[in-house]
Visitor: 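Just passing along the structure, written as structure tokens.
In what follows, every chain begins at residue 1, and chains take the letters A, B, ... in the order their sequences are listed. Because the structure is a prediction, the values reported are computed rather than measured. Values reported hereafter were calculated over all heavy atoms of this structure, with side chains retained and with hydrogens, waters and symmetry mates removed.
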There are 2 protein chains.
Amino acid sequence: MSLELRVDRNSPVPLYFQLAQQLEAAIERGVLTPGSLLGNEIELAARLGLSRPTVRQAIQSLVDKGLLVRRRGVGTQVVHSRVKRPLELSSLYDDLEAAGQRPATTVLVNTLVPASAEVAAALGLGEGGDVHRVERLRLAHGEPIAYLVNFLPPGLLDLDTAHLRATGLYRLMRSAGITLHSARQSIGARAATCAEAERLGEKEGAPLLTMERTTFDDTGRAVEFGTHLYRPSRYSFEFQLLVRS
Amino acid sequence: MSLELRVDRNSPVPLYFQLAQQLEAAIERGVLTPGSLLGNEIELAARLGLSRPTVRQAIQSLVDKGLLVRRRGVGTQVVHSRVKRPLELSSLYDDLEAAGQRPATTVLVNTLVPASAEVAAALGLGEGGDVHRVERLRLAHGEPIAYLVNFLPPGLLDLDTAHLRATGLYRLMRSAGITLHSARQSIGARAATCAEAERLGEKEGAPLLTMERTTFDDTGRAVEFGTHLYRPSRYSFEFQLLVRS
DNA sequence: CAGTGGTCTAGACCACTTA
DNA sequence: AAGTGGTCTAGACCACTGT
């Protein structure tokens, strides 16, 4: 095996993380092939001059990512079929950009409004308090893809219309120092109303994909609630779900 | 704080797991309120007669679940807004049962067929080799909810039609000793064809929710590929996504 | 039986936050 | 400066898997 591993003890990057990165890269590049055994933890630790718990921490992080499998009495193996994307909070803007679709955004509305009961409940705020309401049309290659309505708690973000035109909401939140943690999503379908059909360039009654989402940051605060409409001919949701053990 | 924690050293359940369960129960029951501090790890370890790494392992598992937040220099806090479901590989059968809908299944087809190119690619098998093809109609309260077509590699499961009628595919796989690990899903929408409309009790052209899914076990093998059609008036997908750090 | 991962301990030093 | 979590060590014993 041509697998060369080494760690830099002067680096500020944690040792377990350095090791995890190198193992992941080796799997990615095919140096470690699916099904191959990693060698036992004790020996690996000795070879790297690390303690066993440190090596275990590195391996565990890759097991959590679904790249490795550990079996007692057997060893640690590279998973047979590599997973494409582990799991992501999908951002329509990033998805389109990654697909080379050159997303564009038209900001239809960007104001403060009193929170309705539904919005207040989703964001965990008092009913009637002010919230940002942002309404956008997302396009790719000049064609409408989705109609997005979002509500955000006040004072969290500088919701400049120019910023909203140039990028996605998630990027805006991340660059404002908000660490996104999780989102609760509901995906369904229904027929387009007349107004919706016109906005999206569909016919009345055409099937539309619907999503409602509440996003939480790492302290558990709701930072965004949105109801979105997608043209199913132009967009579908793709993601990887992991089983909780 | 009336929080009583204790561990049973004679139990076969790992100590860190016992502690994690008790903390989770305390959060669930509201004994630990959102935002409250957990007390530092050293003191917690001393109180329980455990070592610090063991306590950390328990806390880390709850951080991963999104129930706790740790901040250096601050402490460990209960997350502000409790997460309903962490994230699950959703099973239509279990979802319906949990909602008190008394699911029923009609097995339309259950045979071995040669794998098409699409199916072979999804399951990682050779084209033309035999695969199970299962076609089912899922009902709740006698109303059709979904039309399910699944392909499974041969020799993995005893696909008895009576079993298929009585339960879901995921339960069948679990009881056959298969440990599910992850699934790649694609969710979209489209108009019902005439045949589909008739099967589901909709009108031709009605919007339908579509899902394609490939499920993998913990060794990375594909164990199931399916294309499903749902009536959006009866079912929508609900789930929690976690951000990868 | 030998070899593997699973759990656990009792320390240590460091980086960061808050006051 | 004091207190927190983040990282790391060098051991130990156990449970499970294969031969």
Visitor: What is the nucleic acid contact for Leu15(B), judged by heavy atoms within less than 4.0 Å: base, sugar-phosphate only, or nothing?
Guide: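 If one applies the 4.0 Å heavy-atom cut-off, Leu15(B) turns out to touch the sugar-phosphate alone, with no base involved.
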Visitor: Phosphate oxygens OP1/OP2 of dT7(C): is one of them under 4.0 Å from a side-chain N or O of Thr54(B)?
Guide: no
Visitor: Using the side-chain heavy atoms of Glu41(B), tell me which of these nucleotides is nearest: dG5(D), dC16(D), dC8(D).
Guide: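 Nearest to the side-chain atoms of Glu41(B), counting from C-beta on, is dG5(D).
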Visitor: Evaluate the criterion side-chain contact (heavy atoms from CB on, under 4.5 Å) for residue pair Val149(A) and Val134(A); output intermediate values, then yes/no.
Guide: CA-CA 6 Å; Val149(A) 180; Val134(A) 177; over 6 Å; no
Visitor: Looking at the rings of Phe239(A) and Phe239(B), which for Trp means the six-membered one, are their centres under 6.0 Å apart?
Guide: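 That pair passes the under 6.0 Å test.
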Visitor: How long is the line joining CZ of Arg9(B) and P of dC13(D), in whole Å?
Guide: 15 Å
Visitor: OP1 or OP2 of dT7(C) versus the side-chain N and O atoms of Tyr16(B): is any pair under 4.0 Å?
Guide: yes
Visitor: Does dG5(C) have its OP1 or OP2 closer than 4.0 Å to a side-chain nitrogen or oxygen of Thr76(A)?
Guide: yes
Visitor: Atom CD of Gln57(A) and atom P of dT7(C): how far apart are they, to the nearest Å?
Guide: 15 Å
Visitor: To the nearest 0.5 Å, how far apart are CD in Gln101(B) and CG in Leu92(B)?
Guide: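 CG of Leu92(B) is found 10.0 Å from CD of Gln101(B).
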Visitor: For Leu38(A) and dG3(C), give me the distance from atom CG to atom P, rounded to whole Å.
Guide: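 The distance from CG of Leu38(A) to P of dG3(C) comes to 19 Å, rounded to the nearest Å.
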Visitor: So that I can tick it off, tell me whether Glu43(B) and Arg52(B) are bridged by a salt bridge, with the cut-off set at under 4.0 angstrom between side-chain N and carboxylate O.
Guide: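 Answer for the salt bridge query: no.
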Visitor: Toward the 5' end of DNA chain C, which comes first, Val55(B) or Val74(A), by nearest nucleotide?
Guide: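 It is Val74(A), whose closest nucleotide lies nearer the 5' terminus.
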Visitor: Looking only at side-chain atoms of Asn40(A), point me to the closest of dC8(C), dC8(D), dT4(C).
Guide: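 The answer is dT4(C).
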Visitor: Taking only residues two or more places apart in sequence, or in another chain, which ones meet Tyr16(B) in a ring pair (Phe, Tyr, Trp, His ring centres under 6.0 Å)?
Guide: none
Visitor: Hey, which sits more toward the 5' end of DNA chain D by its nearest nucleotide, Gln60(B) or Gly49(A)?
Guide: Gln60(B)
Visitor: What contact category does Arg71(B) fall into here, base, sugar-phosphate, or nothing, at under 4.0 angstrom with non-hydrogen atoms?
Guide: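 Result for Arg71(B) = sugar-phosphate.
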Visitor: What is the distance, rounded to the nearest whole Å, between atom CZ of Arg52(A) and atom P of dT7(C)?
Guide: 10 Å
Visitor: Would you kindly give the CD1-to-P distance between Ile42(B) and dA2(D), to the nearest whole Å?
Guide: 17 Å
Visitor: Leu19(A) CG to dC8(D) P: how many Å, rounded?
Guide: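 Distance, rounded to whole Å: 10 Å.
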Visitor: Give the rounded distance in Å between these two atoms: CZ of Arg56(A) and P of dA10(D).
Guide: 17 Å
Visitor: Which nucleotide wins on minimum distance to the side chain of Leu50(A), given the candidates dT4(C), dT9(C), dT9(D)?
Guide: dT9(D)
Visitor: Report the distance from atom CG of Leu44(B) to atom C1' of dG5(D), rounded to the nearest whole Å.
Guide: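 Atom CG in Leu44(B) sits about 13 Å away from atom C1' in dG5(D).
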Visitor: Select one nucleotide: of dG5(D), dG5(C), dT9(D), the one nearest the side-chain heavy atoms of Arg70(B).
Guide: dG5(D)
